[in-house]
Structure formats: structure tokens, C-alpha cells
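To keep things clear, I will list the structure first and then write my remarks on it.
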Number of protein chains: 2
Amino acid sequence: MSLPHAILTALLEKPSSGLELTRRFDKSIGYFWSATHQQIYRELAKLEEGGLIRVLPAAQPTRGQKKEYEVLPAGRAELVSWVAKTDDPKPLRDPLAVRIRAAGVVGVQGLAAELRRHLALHQEQLAQYLAFEERDYPAERAADVPAEDRLRHLLLRGGIDSERFWIGWITEVLAEVEGMPEG
Amino acid sequence: MSLPHAILTALLEKPSSGLELTRRFDKSIGYFWSATHQQIYRELAKLEEGGLIRVLPAAQPTRGQKKEYEVLPAGRAELVSWVAKTDDPKPLRDPLAVRIRAAGVVGVQGLAAELRRHLALHQEQLAQYLAFEERDYPAERAADVPAEDRLRHLLLRGGIDSERFWIGWITEVLAEVEGMPEG
DNA sequence: TGGAGCATGTAATTAGTTACATGATTGG
DNA sequence: CCAATCATGTAACTAATTACATGCTCCA
């Protein structure tokens with residue numbers, strides 16, 4: 001149940017419309033949580049019904065018109081209490097690994113190409129994250145950076161490290177697979 | 001759509017009943033794909049209906065009795081063709097990261113404890129994977145190990161590296177969070 | 001005035017989770 | 001014979017994905 005809380009967090013940083021949220025999820029929040037606009041609209045409706053957010057009173061628009069939401073005190077309280085909750089880490093669930101394992105049993109035809117494709121995608125993603133880091137967190141001095149920014153930087157670091165993990169691992173697998181007969 | 005293919009792979013290695021598959025998913029295949037027995041039974045029924053697997057003719061049992069499945073030629077063919085398919089890497093989706101980000105906005109009360117708990121869980125998991133590695137792949141010489149085993153070892157290495165990534169990252173975040181006021 | 005793009009939404013489907021129900025086997 | 005355990009399964013629900021529908025705004 002992270003989506004509603006991700007939305008509350010984003011709205012606290014800045015009141016937004018559904019589509020604006022979708023765009024922000026494609027960027028910074030998207031390092032570690034993705035959502036489509038359909039999911040977001042559905043969730044906004046639920047949060048509003050639950051009294052955790054409201055439409056900015058400025059305009060009560062109709063369909064097709066922009067609709068900005070802000071967080072109500074109950075929404076903030078809910079987020080505070082959620083931060084302190086516990087939740088076990090979800091076990092890994094990686095389709096590429098299933099494919100590799102299957103290849104071990106029925107043969108590796110076609111697998112190398114897919115591994116190279118994933119490798120390129122992860123390298124691209126890594127380059128983008130590194131560019132974000134350079135742009136947004138240039139050589140910071142620990143003491144004078146606000147807590148919020150330091151945590152955001154650490155999340156980006158997490159994205160970077162995770163891409164490096166994938167690149168390292170896929171490279172190893174690819175080296176092995178390239179030495180195997182395709183037939 | 002990885003679950004049916006994970007099941008086909010497991011059944012090719014060894015014909016099994018639903019519960020046996022569940023146990024095997026808790027072990028080796030579970031490094032990278034988890035499934036509950038309910039999911040597995042549902043999927044077995046679908047695969048049987050689709051003509052990809054069949055109940056071992058030895059016994060056609062009733063409810064409560066063990067029921068072993070094996071893969072039919074059509075099932076193997078399906079798996080071969082699936083191995084060569086492409087599928088984009090799914091974007092990361094990590095609830096703990098959402099929680100950290102939320103904490104940046106509403107305060108870090110309670111977060112350090114949760115980070116420590118996750119750290120301990122990942123360390124435990126890493127220790128277990130390392131023990132598996134020592135037990136199952138002791139100092140292998142590349143040349144004389146069959147391809148299937150080498151790929152299985154690489155999957156375990158992936159699990160190990162991924163746990164190390166989590167441990168490293170959470171440790172960094174924890175150090176930062178411990179320096180922040182809880183109020 | 002009509003098409004491109006912005007914006008909000010519905011509907012249908014699939015995948016995964018949680019809770020529960022039931023039968024069979026075995027050991028004390 | 002009965003409790004524990006093994007084993008298979010149903011039902012209800014939640015989350016996520018995919019495809020589609022509709023309305024508004026602006027500008028060529």
C-alpha cells in the first residue's frame with residue numbers, strides 16, 4: 001500500500017493535478033516507484049473520499065479541466081503514522097532471472113540478445129541518474145544541506161547503486177552465455 | 001507472465017506435485033521468483049487445460065491425494081520460444097524507499113528502527129545465500145561444469161550481489177537518519 | 001473550424017494476496 | 001480412533017495493466 005503514501009508525499013511537496021503527479025512519478029519518485037495515470041486518478045479519488053486530500057477551492061472543475069489537490073491535516077497525520085510502520089522486504093521477483101534459469105534447461109537460443117538489450121537499457125538509466133546527480137547535488141557539504149535534500153540524494157544513490165548491480169550481474173551472465181552453444 | 005514459465009522449468013527438472021513445487025519455489029527458484037501454493041495450483045490447472053502439462057498417468061487422484069505433473073512436448077516448445085522473447089525491465093518498486101522519501105517530508109520518527117530491521121533481514125538472507133553457495137558450488141573449475149549448473153550458480157550470485165546492494169545502501173541511509181532529530 | 005495536445009476518467013482483464021475449506025495419511 | 005500433518009483446492013479481495021472514451025483549450 002505504498003501508492004497512496006507516495007501521492008501524499010508528492011502533494012505535500014507541492015499541490016498538483018493528476019497529470020502533474022504522473023509526470024513527477026516519471027521523474028524523481030519514479031526512481032523507486034512507478035505508477036500510470038489511471039492508477040493515480042483512481043487513488044486520488046479514494047484519498048479525497050477518505051478526507052485525506054481535497055481539491056484546491058480556487059476551482060471546482062468539470063471533466064477535462066485541471067483539478068489541483070492539496071493534503072489535509074488528516075492526510076499528513078496518516079503519512080506520519082505510516083512512516084513509523086513496519087513492512088517486510090518483498091522477495092525479489094525478476095522475469096529476466098526466470099528466463100535465464102529456463103535457458104539453463106531448454107537451451108540459450110536468443111538469450112544473449114536479450115541480455116545485451118537489458119545491459120544497454122541499464123547503462124542508459126545509470127547515465128541518466130548520474131547526470132541528475134551532477135545537476136542536482138553538486139559536491140555538497142554535509143552540514144548545511146537540509147535533511148529532506150540529503151534523503152532525496154540518498155534515494156538517487158540507491159537508484160545508481162541498483163543500476164550498477166544489474167550491469168555487473170548481467171555482464172557476468174552474458175560472458176557465460178556467450179561461451180555456450182546456441183543450439 | 002513469468003509464473004507459468006517458472007513452473008514449466010521446475011517441472012522439466014523434475015516432475016512434481018503442487019506442494020512440492022511450492023517448496024522448491026521457497027528455495028532455489030525463490031531467489032528471484034516467489035509464489036504461494038494458491039497461485040501455483042491455479043497455474044497448474046491452467047497449464048493442464050492448455051495441454052502444456054499433464055498429470056502423471058500412474059495415478060489420477062482425487063482431492064487430497066498427491067498429483068504429480070510432467071511437461072508435455074507442447075510445454076517444452078512454449079518454454080523454448082519464451083526464452084527468446086523480449087520483455088523490458090520493470091522499473092524498481094520499493095516500499096522502503098517510499099517510506100524514506102515520506103520521512104524526508106514529514107519527519108523521520110520511527111524510521112531508524114525499520115531501517116535496522118531491514119538491514120538485519122538482508123544480512124540474514126545474504127548469510128544464507130553464501131552458505132548455499134559454499135555447499136552447492138565449491139571452487140568449481142569452469143570447464144567441466146555443465147551449462148545448467150553454471151547458470152544456476154550465476155543466479156545465486158545475483159541474489160548475493162543484490163543483498164549486498166541492499167545492505168550497502170540501507171547502511172548509508174541509516175547513518176544519515178541516525179544523525180537527524182527524531183522530533 | 002478543426003485538429004493537436006492536454007487532461008480526466010471508465011472498463012475489462014490479469015496477477016497476486018489473504019483467508020478459509022476439505023480430504024487423505026500416518027503415528028501415537 | 002483421533003490429532004497432526006500433508007495435500008489440494010475455493011472465494012473474495014486488492015493492485016496493476018491495457019485499452020479505450022470523453023471533454024477542454026489553443027492556435028493555424
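Numbered from 1 within each chain, the chains take letters A, B, ... in sequence-line order.
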What is the distance, to the nearest angstrom, from the [atom1] atom on [X] to the [atom2] atom on [N]?
X	N	atom1	atom2	answer
M1(A)	dG16(C)	CE	C1'	16 Å
Y69(B)	dG9(D)	OH	C1'	10 Å
L56(B)	dA7(D)	CG	C1'	16 Å
D88(B)	dA16(D)	CG	C1'	17 Å
I40(B)	dG9(D)	CD1	C1'	13 Å
L21(A)	dG9(C)	CG	P	12 Å
D94(A)	dA15(C)	CG	P	17 Å
E43(B)	dT17(C)	CD	P	13 Å

Exam field: side chain R99(A) to backbone L111(A), donor-acceptor pair closer than 3.5 Å: no

Counting distance only, does the side-chain N/O of S34(A) pair as donor-acceptor with the main-chain N or O of G30(A) below 3.5 Å?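 A pair under 3.5 Å: no.
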
So does [X] get a side-chain nitrogen or oxygen closer than 4.0 Å to the phosphate oxygens (OP1/OP2) of [N]?
X	N	value
Q39(A)	dA15(D)	no
R42(B)	dA12(D)	no
R93(B)	dA15(D)	no
S17(B)	dT8(D)	yes
Y41(A)	dT8(C)	yes
K67(A)	dG9(C)	yes

Would you kindly compare L19(A) and K90(A) by the position of their nearest DNA chain C nucleotide and give the one closer to the 5′ end? L19(A)

Both K46(B) and H37(B) contact DNA chain C. Which one's nearest nucleotide lies toward the 5' end?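 Its nucleotide being nearer the 5' end, the pick is K46(B).
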
Around atom CD of E124(A), are there more than 12 heavy atoms of other residues, nucleotides or ligands at under 6.0 Å?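 For E124(A), atom CD is not crowded (no more than 12 foreign heavy atoms under 6.0 Å).
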
Salt bridge between K85(B) and E114(A), side-chain N to carboxylate O under 4.0 Å? no

Minimum heavy-atom distance V98(A)-S2(B), with the two atoms named: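 Looks like CG1-O, 4.0 Å.
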
Report the residue (Q38(B) or R23(B)) whose heavy-atom-nearest nucleotide on DNA chain D is the more 5′ of the two. R23(B)

